[in-house]
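Because the structure is predicted, anything quoted here is derived from the model rather than measured. For ligands, and for the atoms within them, numbers begin at 1 and follow the listed sequence.
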Amino acid sequence: MIPLRSGERQARIVAGVGTSHVPAIGAALDNGKTESSYWKPLFDQFEPAREWIAKEKPDVCIIVYNDHAHAFDLSATATFSIGTCEEFLPADEGYGPRPIPVIQGDPRLAWHIAESLVMDEFDMTIVNDMTVDHGLTVPLSILFDQPDAWPCKVIPFMVNVVQYPQPTGLRCYKLGKALRKAIETYDKDLKVMVIGTGGLSHQLQGQRAGLINDAFDQKFLDDLQNDPMAVTKVTHAEWLRETGSEGIEAIMWLIMRGALDEQVEEVYRFTHCPASSTNYGMTILQNNSKAEMTSH
Ligand code: DHB
Ligand code: FE
């Protein structure tokens, strides 16, 4: 990896977004239910985020999510993987693929990131043929509604949080820092956003199905902005006990946070409960160095 000379054009991370990826949100959009009494209060709160991202216009979104045994099955589990395809089609999750535009990848940037991360000792699995499930498509719908074509390229960045052993929060945070380095050594002037998905507290099955822990979720959102090291110290047992069996998905937001500045501005945040079985959460964190980065 040859470092760029100063003054050379380079990609830069302008902001990170955290959002839950509840599949029923996609179904509500696809089936025209967003004005219903159940969904309207949630969709109304997407509006400021949609306005913000329409102004910011990222060229590429790196979407950090877990595949829910759709593109991959349990015959092989990769801890961290990256999609290098030209295009990604939505997966059939049981009701047919979602009626959304084809997702355009950025193979050149994805291969650059893969190389940079492997050289930084993060051994990524490279995925050259895959579909994308609700973990990726629902955040796109939340941020961009129902366009004829998605307004940015997308690089899927997958994390195993489904099969034990799951990565630690600290590993995710460090991976985010390495991801930032990868992006900032890319030789194209691109505005990049990193979208962390999943969570917040939810448990889909078993005796504790329906579990919500709003106090944990609010502290998670506070700490994610101001003290991400505190989030890295939450153990797997604590995630399971405090946030239910699927709440650990939010650990993926640490990759997004690691890719940002030490100090970030929270430009938007809300939670809404319930969205299906989940305490829905969104945060938008903007890099303070953004102004200076965009001036070159
Ligand atoms: C729900 C949330 C998820 O993150 C998921 O992957 C599946 C279902 C839910 O709340 O229904
Ligand atoms: Fe999920």
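- Atom CD of E47 has more than 12 neighbouring heavy atoms from other residues, nucleotides or ligands inside a 6.0 Å radius.
- By the 4.5 Å side-chain criterion applied to Ile, Leu, Val, Met, Phe, Trp and Tyr, Y164 is assigned to a cluster that also includes L240.
- Sorted by chain then number, the residues whose non-hydrogen atoms approach ligand 1 to under 4.0 Å are H21, V22, P23, H68, H134, H202, L204, E249, A275, S276, S277, T278.
- Looking at H70, its side chain never comes within 3.5 Å of a backbone N or O of H134 through a donor-acceptor pair.
- L204 forms part of no hydrophobic cluster, judged by ILVMFWY side-chain heavy-atom separations under 4.5 Å.
- In this structure a side-chain-to-backbone donor-acceptor pair under 3.5 Å is missing from D73 to A69.
- Among heteroatoms of the N, O or S kind in E249, OE2 lies nearest the Fe ion (ligand 2).
- Centred on the Fe ion (ligand 2), the angle running from H68 (NE2) to H21 (NE2) is recorded as 90°, rounding to 10°.
- Cluster note: L211 groups with no other residue, as no ILVMFWY side-chain heavy atom lies under 4.5 Å from it.
- One hydrophobic cluster holds both Y280 and W52 under the rule that ILVMFWY side chains link at heavy-atom gaps under 4.5 Å.
- The Fe ion (ligand 2) has no N, O or S atom of H134 closer than 2.8 Å.
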